[in-house]
Amino acid sequence: MSQSSFIPESKLPALGTTIFTQMSLLAQQYKAINLSQGFPDFDGPEYLQQRLAYHVGQGANQYAPMTGVQPLRDAIAEKTAALYQYLPDANTEITVTAGATEALYAAITALVRPGDEVICFDPSYDSYAPAVALSGGVMKRITLQPPFFRVDWQTFADHITPRTRMVIVNTPHNPSATVWQKSDFDALWRAISEKEIYVLSDEVYEHICFDQQGHASVLAHPQLRERAIAVSSFGKTFHMTGWKVGYCVAPAPLSAELRKVHQYLTFSVNTPAQLAIADMLREHPAHYHDLPAFYRARRDRFTGALADSRLKILPCEGTYFLLADYSAVSDLDDVSFCQWLTKEVGVAAIPLSVFCEDEFPHKLIRLCFAKQETTLDAAAERLCRL
Ligand code: PMP
Ligand code: GLN
């Protein structure tokens, strides 16, 4: 047997290509309007692009410090204080990462040991489970039910065991488009306060929240934030998912552990992009303050255009995703329906069941409305023909 014919035993045998890649490829192949993978079809602020070019021109082209450039960590600290009344230490509690994906992976790798249990709420974002599996952890999933996807705190308490090490929270929530209230964090705190359980709070849509009360961050909870890692991403906030710059905020001892992983995963993140984002946060805070209104207008336009369709649109409290119930249109399961919709109707969407471990027999699809108005109108026109 030649060496090249060895096939390694997979550490993630059940894992295939992500649904986002699959659906975007299918959309390309069938020239469908792509409302599947979550990314805007418009550019981010011009100022940000200019500052990137400026910093490249100024020679900021070598390694950034491992934890992130100082101006960006300072700007994140100030933003956190202004929004959540908590000033993290920019030197010991903030780490800039290669997108939120790296922050999530580093946090899980740093904290989850073999045999540890990690509670998460399904439908859940697809990057959590593989990271937990690679650390030898065990996912304990609680499936939430549409249309409100609320947590039953008794069920949650029943899932806690002496092996529970971490809870993964995501608000505003992808894919359900629901948000947590402060009362949810209070309930979480009551359930775990006596135990050594850490909270990984994925808040990448923190600036795309339509709730009257605004975004409830784990960082605004004085007790929980002492054992939480909050993760965010500038890709969502500044409409440039391809820049892959994110960050996490965590108490110094947790940040120290996370940085040990980050140091050997990526070491550091794109220098000129970090400097450009720092300028943007400082000079144009209105950008993220205005983001809810910016996306609310798109959400309402798209929902309005779908009013006469046979799709039933679920409430959308945050993120740039809408859920649509297609049970009046088709008996197909959600994966088959999304394939059919892409090929035959020319609109690509994401099925919800792929975010769940247990059976999720609802007829729900996710539509991304981070698109130009012309794109949304064209998609709605096709969907109204269903
Ligand atoms: N978490 C959630 C809930 C997301 O939706 C995404 C990406 N859309 C990420 C994490 C990853 O963010 P990034 O692109 O910054 O890695
Ligand atoms: N997070 C994006 C979404 O939910 C996709 C990210 C990716 O393609 N990995 O659509």
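Just so you know, ligand 1 is whichever comes first in the structure, and atom 1 is the first atom listed for that ligand.
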If we number the atoms of ligand 2 from 1 as shown, the ones under 4.0 Å from a heavy atom of Arg366 are 3 (C), 4 (O), 10 (O)
For the aromatic rings, using the six-membered ring if either is Trp, is the centroid distance between Phe234 and Tyr247 under 6.0 Å?
yes
Hey, are Asp334 and His362 close enough side-chain-wise for a donor-acceptor pair under 3.5 Å?
no
Would you say the ring centroid of Tyr125 lies under 6.0 angstrom from that of Phe355?
no
Ranked by distance from atom 8 (O) of ligand 2, the top protein heavy atom is Gln37 NE2, 2.7 Å
Ligand-protein N/O pairs under 3.5 Å (ligand 1):
{"unit_1": "ligand 1", "atom_1": "1 (N)", "unit_2": "Asp202", "atom_2": "OD1", "d": "3.4"}
{"unit_1": "ligand 1", "atom_1": "1 (N)", "unit_2": "Asp202", "atom_2": "OD2", "d": "2.6"}
{"unit_1": "ligand 1", "atom_1": "5 (O)", "unit_2": "Asn174", "atom_2": "ND2", "d": "2.8"}
{"unit_1": "ligand 1", "atom_1": "5 (O)", "unit_2": "Tyr205", "atom_2": "OH", "d": "2.7"}
{"unit_1": "ligand 1", "atom_1": "8 (N)", "unit_2": "Tyr205", "atom_2": "OH", "d": "3.3"}
{"unit_1": "ligand 1", "atom_1": "8 (N)", "unit_2": "Lys236", "atom_2": "NZ", "d": "2.2"}
{"unit_1": "ligand 1", "atom_1": "14 (O)", "unit_2": "Lys244", "atom_2": "NZ", "d": "3.3"}
{"unit_1": "ligand 1", "atom_1": "15 (O)", "unit_2": "Ala100", "atom_2": "N", "d": "2.8"}
{"unit_1": "ligand 1", "atom_1": "15 (O)", "unit_2": "Ser233", "atom_2": "OG", "d": "2.6"}
{"unit_1": "ligand 1", "atom_1": "16 (O)", "unit_2": "Ala100", "atom_2": "N", "d": "3.1"}
{"unit_1": "ligand 1", "atom_1": "16 (O)", "unit_2": "Thr101", "atom_2": "N", "d": "2.9"}
{"unit_1": "ligand 1", "atom_1": "16 (O)", "unit_2": "Thr101", "atom_2": "OG1", "d": "2.5"}
{"unit_1": "ligand 1", "atom_1": "16 (O)", "unit_2": "Lys244", "atom_2": "NZ", "d": "2.7"}

With Asp279, which residues qualify under salt bridge (Lys or Arg N to Asp or Glu O under 4.0 Å), at least two apart?
Arg51
Short N/O distance, under 3.5 Å, between Phe321 and ligand 2?
no
Taking the six-membered ring for Trp, are His287 and His239 ring centroids under 6.0 Å apart?
yes
Is any N or O atom of Asn174, backbone or side chain, closer than 3.5 Å to an N or O atom of ligand 2?
yes
Is the NZ or CZ atom of Arg299 positioned over Tyr320's six-membered ring, under 6.0 angstrom from the centre and within 45° of the axis?
no
Could you identify the single nearest non-hydrogen protein atom to atom 6 (C) of ligand 2 and state the distance to 0.1 Å?
Tyr125 OH, 3.4 Å
Ionic contact status for Arg301 with Glu373, cut-off 4.0 Å:
yes
Test of ring centre spacing under 6.0 Å for Phe294 and His207
no
